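Data block below; observations after.
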Amino acid sequence: MVMKPLHDRVLIRRVEAEEKTAGGIIIPDSVQDKPSEGLVIATGPGVRNKAGDLVPVAVETGNHVLFSPYAGTEVRIQGEDLLIVNEGDVIGIVS
């Protein structure tokens, strides 16, 4: 199955969370926060403004982004857990 988001939605693969602290303490899965950064897998075409012009999405496939921690909808595509968020939930692009 191939997923193409609609409108201003962005499909993101979360990056793996750190399992150890800087001091070497292992953090169990039950208390780990879900990472709020990931890699953009696909984007929708954008939304139309009041004049009817298409306003494209600001992020591109391959961008490393930060997003709101509780944003979006988790989906499972081809056995992989991904996240669909609105473009407005993307906080920024990491260089």
Side-chain angles (χ1 to χ4, degrees):
M1 170 182 17
V2 176
M3 168 65 169
K4 175 70 175 162
L6 299 176
H7 307 294
D8 67 339
R9 290 182 179 82
V10 180
L11 185 64
I12 296 175
R13 177 185 297 127
R14 289 184 195 260
V15 296
E16 294 298 318
E18 291 292 325
E19 295 181 5
K20 285 186 181 180
T21 64
I25 299 172
I26 297 175
I27 304 169
D29 289 338
S30 59
V31 295
Q32 279 184 3
D33 291 331
K34 291 185 179 179
S36 58
E37 61 182 282
L39 186 67
V40 175
I41 303 300
T43 65
V47 293
R48 298 215 177 262
N49 62 16
K50 291 184 180 187
D53 300 323
L54 184 66
V55 178
V57 178
V59 297
E60 299 174 351
T61 301
N63 284 149
H64 185 182
V65 296
L66 297 176
F67 53 89
S68 300
Y70 300 105
T73 303
E74 293 185 3
V75 294
R76 187 170 198 84
I77 299 173
Q78 296 178 339
E80 184 177 15
D81 291 327
L82 301 173
L83 185 69
I84 298 175
V85 301
N86 290 326
E87 180 187 21
D89 292 328
V90 175
I91 298 168
I93 301 171
V94 179
S95 299

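Quantities reported herein were computed from a predicted structural model and do not represent experimental measurements.
Between Phe67 and Val10 the shortest side-chain heavy-atom distance does not fall below 4.5 Å. When side chains are defined from C-beta on, Val15 counts as touching His64, because their heavy atoms get closer than 4.5 Å. Residues Met3 and Leu82 fail the side-chain proximity criterion, which asks for heavy atoms closer than 4.5 Å.
Judged purely by atom type and a 3.5 angstrom limit, Asn63 has no side-chain atom pairing as donor or acceptor with the backbone of Val65.
To the nearest 0.5 Å, the span separating CZ on Arg9 from CD on Glu87 amounts to 11.5 Å. Taken to the nearest 0.5 Å, the CG atom of Asp89 stands 12.5 Å off from the CD1 atom of Ile84. Asn86 contributes atom CG, which lies 8.0 Å from atom OG1 of Thr73 (distance to the nearest 0.5 angstrom). One finds the OG atom of Ser36 at 10.5 Å from the CG atom of Leu83 (value rounded to the nearest 0.5 Å).
One hydrophobic cluster holds both Val75 and Ile41 under the rule that ILVMFWY side chains link at heavy-atom gaps under 4.5 Å. Residues Val85 and Ile91 fall into different hydrophobic clusters, defined by Ile, Leu, Val, Met, Phe, Trp and Tyr side chains chained together at heavy-atom separations under 4.5 Å. Criterion: ILVMFWY side-chain heavy atoms under 4.5 Å apart, direct or through other members. Under it, Val57 and Ile93 are part of a common hydrophobic cluster.
Taking the side-chain hydrogen bond (donor to acceptor under 3.5 Å, both in side chains) definition, one finds that His7 meets it with nothing, sequence neighbours left out. Judged as a side-chain hydrogen bond (donor to acceptor under 3.5 Å, both in side chains), and not counting sequence neighbours, the contacts of Asp81 are Arg76. For Leu39, the side chain to side chain contact (heavy atoms under 4.5 Å, CB included) partners two or more places apart in sequence, or in a different chain, are Arg13.
Ile12 and Gly38 make their closest contact through CG2-CA, 3.8 Å (heavy atoms, listed as atom of the first residue, atom of the second, distance).
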